[in-house]
K.L.:
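This structure is in structure tokens; I'll ask about it shortly.
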Amino acid sequence: MRKIYIFDTTLRDGEQSPGVNLNTQEKVEIGLQLEKLGVDRIEAGFPAASPGDLAGVHAVAKAIKNASVIGLARSREQDIDAVREALKGAQDPCLHVFLATSPIHRKHKLRMEKHQVLETAEAAIKYAKKYFDKIEFSPEDAGRTELDFLIEVTAMAIRAGATVVNIPDTVGFMSPSEFGNIFKTLKQQVPGIEKIQLSAHCHDDLGLATANALAAVQNGADQIEGTINGIGERAGNTSLEEVAMALETRQEFYQAKTSLVLGEIYRTSRLVSKLTGMVVPGNKAIVGANAFAHESGIHQDGMLKEKTTYEIMSPETIGLKESKLVLGKHSGRHAFREKLIDLGYMLSDEQVNEAFAKFKDLADRKKQVADEDIRVIIEEKLIETPQMYVLGAIQVAYGNQTTPTATVSIKTQDGALMEEHAEGNGSVDAIYNAIDFVTKEEVELEDYSIKSVSHGKDALGEVHVVLRQKDISVQGRGVSTDILEASAKAYLDAVNRLVERRNTGIGNRSNVTLI
């Protein structure tokens, strides 16, 4: 199984995304996470671009111990010197130097003839060789460069001392067959090609970056360059998570794999999204919110019977806990039943049918039905809850320098009035601890939320809680102009529902008939 090296340019090409500006601390944070992900090479920035970029590259170079840190330079001595300065103290420094080679760049940007391009690039590589053992050379816009000239440029770079030659599809112009053919040809015709690694750097202007990168792998590329979440100039770069999972999922086809720690993919994606401010689209491959989510009833039924019917990879592989069966108007009875079981409701056939009809009616009016909606359907429509406990008085003592305490009196169903005193981490916690002392129920608070029912400082506050006890999960609701009273009412409402469900056998798997 051939190893494909991963060259991450999230901190350089990724940061060139419009609107993205990472500070030094953020660059280091992402760099350390990339190190955990197991990338082989981290391109930390373009030191000659600004003093801030030089400082950022230097900070990343000092922090990273288990990956090569790379600085980008144009084919100019002053740029190469800036990279030298930035990479002082790096565990494994590498220079990435580039010069455009395509006809359109030679004519309009460089105003150079072919021989001048060769001479300039060769001089830069030889100058860099005095200071760097590892040098990557990129003929910018290689995809639109004449193939015979690209062969000549690659051969020159090898003779001059490059250890990696990168072939960039700088403007995302190539098709997979065209791009793959470049690597095949270079492998066959460039003298000394076996001495270096060939790398692929693809942009996504036509949506082909990942396809082109994989075509390069099939035709001999040793390294893939890209970014997390595919961020970068214009339409972005190859998404490294897509390449890694393609090689992992289709090992028998590509006969190659990366050494990435795949379980860190999702965490890395979320960190990059948070620090760059670039939201990951819901339908983004591998790391999008919907990548492992299923709403169609046909898909959900297949997933519940055998996950591989509709998932070619496991969400756990990238660091997610599980797939999601999203309940909506396309969902079927099978998925609805499984959701009820997951929430702790074990209902008879008749109850399930009644609840499913109400769910379908709600799903026609809502894009997505949440767990909270399901609980409302079941508990408000199917379960009549006697008031086992009724809230009496609440007394709370709070100070920011003292431990909060609460005294709660509760009237039980048989008419007895019980009162308990408790401390807590906050006023609500103290109230809930006091209620627990009265009811003697051992529960876990799974969710607590507050929202305003009306407007103004004296608005009604509505509190929702979700309590779980073993396989039973219940919700409670309380409303008051005093948020502490609303919190107590919601908690006690949930306890009442819990006791009733336990007493009636709903939620007890041995006492009900399953569908």
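Residue numbers count from 1 along this sequence.
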K.L.:
Using a 4.5 Å cut-off on heavy atoms from C-beta on, say whether the side chain of Val261 contacts that of Lys36.
P.N.:
no
K.L.:
Could you check whether Ser487 and Tyr448, counting side-chain N and O atoms only, form a donor-acceptor pair closer than 3.5 Å?
P.N.:
yes
K.L.:
Does the side chain of Glu242 reach to within under 4.5 Å of the side chain of Lys284, using non-hydrogen atoms?
P.N.:
yes
K.L.:
Please report the interatomic distance CG(Asn212) to CZ(Phe183), rounded to the nearest 0.5 Å.
P.N.:
9.5 Å
K.L.:
Say whether, by atom type as modelled, one donor and one acceptor occur between the side chain of Glu26 and the main chain of Asn23 under 3.5 angstrom.
P.N.:
yes
K.L.:
Between Tyr254 and Arg2, does a side chain to side chain contact (heavy atoms under 4.5 Å, CB included) hold up when you go through it step by step?
P.N.:
CA-CA 9 Å; Tyr254 291 107; Arg2 192 163 62 94; over 6 Å; no
K.L.:
Taking atom NZ of Lys129 as the centre, report whether more than 12 heavy atoms of other residues, nucleotides or ligands fall under 6.0 Å from it.
P.N.:
yes
K.L.:
Got a second to check how far Leu240's CG is from Thr258's OG1, nearest 0.5 Å?
P.N.:
9.5 Å
K.L.:
Would Glu29 and Lys27 pass as an ion pair if we require N to O under 4.0 Å?
P.N.:
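Result for this pair is no, no salt bridge flagged.
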K.L.:
Taking distance alone, no hydrogens or angles, what donor-acceptor pairs closer than 3.5 Å link side-chain atoms of residues 135-148 to residues at least two apart or in another chain?
P.N.:
residue	atom	partner	partner atom	Å
Glu136	OE1	Gln223	NE2	3.2
Glu136	OE2	His96	NE2	3.4
Ser138	OG	His96	NE2	2.6
Ser138	OG	Asn166	ND2	2.9
Glu140	OE1	Lys109	NZ	2.8
Asp141	OD1	Arg144	NE	3.2
Asp141	OD2	Ser102	OG	2.7
Asp141	OD2	Arg144	NE	3.0
Asp141	OD2	Arg144	NH2	3.1
Thr145	OG1	Thr101	OG1	2.7
Thr145	OG1	Ser102	N	3.2
Thr145	OG1	Asp141	O	3.0
Glu146	OE1	Arg106	NH1	3.1
Glu146	OE2	Arg106	NH2	2.8

K.L.:
Who pairs with Arg41 by salt bridge (Lys or Arg N to Asp or Glu O under 4.0 Å), at least two apart in sequence or on another chain?
P.N.:
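Result, salt bridge (Lys or Arg N to Asp or Glu O under 4.0 Å) vs Arg41: none returned.
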K.L.:
Do other residues, nucleotides or ligands put more than 12 heavy atoms under 6.0 Å from Lys3 NZ?
P.N.:
yes
K.L.:
Tell me whether Ser75 contacts the main-chain N or O of Thr120 through its side chain, where contact means a donor paired with an acceptor under 3.5 Å.
P.N.:
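No: the side chain of Ser75 does not pair with the backbone of Thr120.
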K.L.:
Is it the case that the side chain of Asp79 and the backbone of Arg74 share a donor-acceptor pair, with hydrogens and angles ignored and the cut-off at 3.5 Å?
P.N.:
yes
K.L.:
Quick check: closest heavy atoms across Pro47 and Val57, and the distance to 0.1 Å?
P.N.:
CG-CG2, 4.0 Å
K.L.:
Taking C-beta and beyond as the side chain, do Val443 and Leu445 meet within less than 4.5 Å on heavy atoms?
P.N.:
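Not touching, per the 4.5 Å side-chain cut-off.
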K.L.:
Could you please spell out the steps behind the side chain to side chain contact (heavy atoms under 4.5 Å, CB included) verdict for Asn219 and Lys187?
P.N.:
CA-CA 8 Å; Asn219 287 276; Lys187 283 283 189 179; over 6 Å; no
K.L.:
Is the shortest side-chain heavy-atom distance between Leu32 and Ile64 below 4.5 Å?
P.N.:
yes
K.L.:
I need the single residue from Val83, Ile125, Val97 that forms a side-chain contact (heavy atoms from CB on, under 4.5 Å) with Phe132. Which is it?
P.N.:
Val83
K.L.:
Specify the closest pair of heavy atoms between Ala215 and Pro176, including all atoms of both residues, with the distance to one decimal.
P.N.:
CB-O, 3.3 Å
K.L.:
Just so I know, are the side chains of Phe179 and Leu208 near enough to count as touching, which here means a heavy-atom distance under 4.5 Å?
P.N.:
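No, every pair of side-chain atoms sits at 4.5 Å or beyond.
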K.L.:
Between the side chain of Asp204 and the main-chain N/O of Ala209, is any donor-acceptor distance below 3.5 Å?
P.N.:
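Side chain of Asp204 to backbone of Ala209: a pair is present.
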K.L.:
Using 4.0 Å as the upper bound for N to carboxylate O, is an ion pair formed by Glu462 and Lys451?
P.N.:
yes
K.L.:
In terms of relative ring orientation, are His203 and His201 parallel, tilted or perpendicular, with 30° and 60° separating the classes?
P.N.:
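Tilted: the ring planes of His203 and His201 meet at 30° to 60°.
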K.L.:
Do Val28 and Val60 come close enough that some side-chain heavy atom pair is under 4.5 Å?
P.N.:
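When only atoms from C-beta onward are counted, Val60 and Val28 do touch, with a gap below 4.5 Å.
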K.L.:
Can you tell if the side chain of Met174 reaches within under 4.5 Å of the side chain of Ile182, non-hydrogen atoms only?
P.N.:
yes
K.L.:
Do you know which of Asp92, Asp40, Leu87, Val39 makes side-chain contact (heavy atoms from CB on, under 4.5 Å) with Ser68?
P.N.:
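The passing option is Asp92.
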K.L.:
Quick one: closest heavy-atom pair of Ser473 and Glu446, and the distance?
P.N.:
OG-OE1, 3.7 Å
K.L.:
A side-chain contact here means heavy atoms from C-beta on lying under 4.5 Å apart; do Arg250 and Leu214 qualify?
P.N.:
no
K.L.:
Under the 3.5 angstrom rule, does the side chain of Thr10 hit a backbone N or O of Ile228 as a donor-acceptor pair?
P.N.:
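The answer is yes, because a donor-acceptor pair under 3.5 Å joins these two groups.
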K.L.:
Just how far is it from atom CG of Leu150 to atom CD1 of Ile167, taken to the nearest 0.5 Å?
P.N.:
4.5 Å
K.L.:
Say whether Glu248 and Gln251, considering side chains only, have a donor N or O and an acceptor N or O under 3.5 Å apart.
P.N.:
yes
K.L.:
Please check if atom NZ in Lys65 has more than 12 non-hydrogen atoms from other residues, nucleotides or ligands closer than 6.0 Å.
P.N.:
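Yes - once you tally the heavy atoms of other residues, nucleotides and ligands closer than 6.0 Å, there are more than 12.
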K.L.:
Give, for atom CG of Leu11 and atom CD1 of Ile70, the distance between the pair rounded to the nearest 0.5 Å.
P.N.:
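Here the interatomic distance stands at 11.0 Å.
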K.L.:
Would a distance-only check, ignoring hydrogens and angles, find a side-chain to backbone donor-acceptor pair under 3.5 Å from Asp53 to Phe46?
P.N.:
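Yes; judged by distance alone, with no hydrogens or angles, the pair exists.
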K.L.:
Could you give the side-chain donor-acceptor pairs of residues 263-273 under 3.5 Å, partners two or more places apart or in another chain?
P.N.:
residue	atom	partner	partner atom	Å
Glu264	OE1	Gln33	NE2	2.9
Glu264	OE1	Arg267	NH1	2.7
Glu264	OE2	Arg267	NH1	3.0
Tyr266	OH	Arg270	NE	3.2
Tyr266	OH	Arg270	NH2	3.1
Thr268	OG1	Gln33	NE2	3.0
Thr268	OG1	Glu264	O	2.6
Ser269	OG	Asn229	OD1	2.6
Arg270	NH2	Val287	O	3.1
Ser273	OG	Met278	O	2.9

K.L.:
Taking Asp8 for the side chain and Ile42 for the main chain, is one N or O donor matched with an acceptor at less than 3.5 Å?
P.N.:
no
K.L.:
Which heavy atom in Ala44 sits nearest to a heavy atom in Val69, and how many Å separate them?
P.N.:
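Heavy-atom minimum between the residues: CB-CG1, 4.0 Å.
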K.L.:
About how many Å separate CG of Leu22 and CD1 of Ile30, when rounded to the nearest 0.5 Å?
P.N.:
4.5 Å
K.L.:
If you take all heavy atoms of Ala256 and Val217, which pair is closest and at what distance?
P.N.:
CB-CG1, 4.2 Å
K.L.:
Is it true that, when you exclude Gln25 itself, more than 12 heavy atoms of the residues, nucleotides or ligands shown sit nearer than 6.0 Å to its CD?
P.N.:
no
K.L.:
Would you compute the distance between atom CD1 of Ile151 and atom CG of Leu186 and round it to the nearest 0.5 angstrom?
P.N.:
6.0 Å
K.L.:
With a distance cut-off below 6.0 Å to the six-membered ring centre and an angular limit of 45° from the axis, does Lys130 pair with Tyr127 as a cation-pi contact?
P.N.:
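Cation-pi check for Lys130 and Tyr127: fails.
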K.L.:
For side chain to side chain contact (heavy atoms under 4.5 Å, CB included), just list the numbers for Tyr5 and Val164, CA-CA rounded to whole Å, side-chain angles, deciding distance to a tenth of an Å, and then say yes or no.
P.N.:
CA-CA 11 Å; Tyr5 288 80; Val164 177; over 6 Å; no
K.L.:
Determine the minimum heavy-atom distance between Ala100 and Leu110, stating which atoms define it.
P.N.:
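So the minimum-distance heavy-atom pair works out to O-CD1, 3.4 Å.
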K.L.:
Would Glu233 and Asp13 count as a side chain to side chain contact (heavy atoms under 4.5 Å, CB included) here? Give the steps.
P.N.:
CA-CA 7 Å; Glu233 292 267 15; Asp13 205 332; 3.5 Å; yes
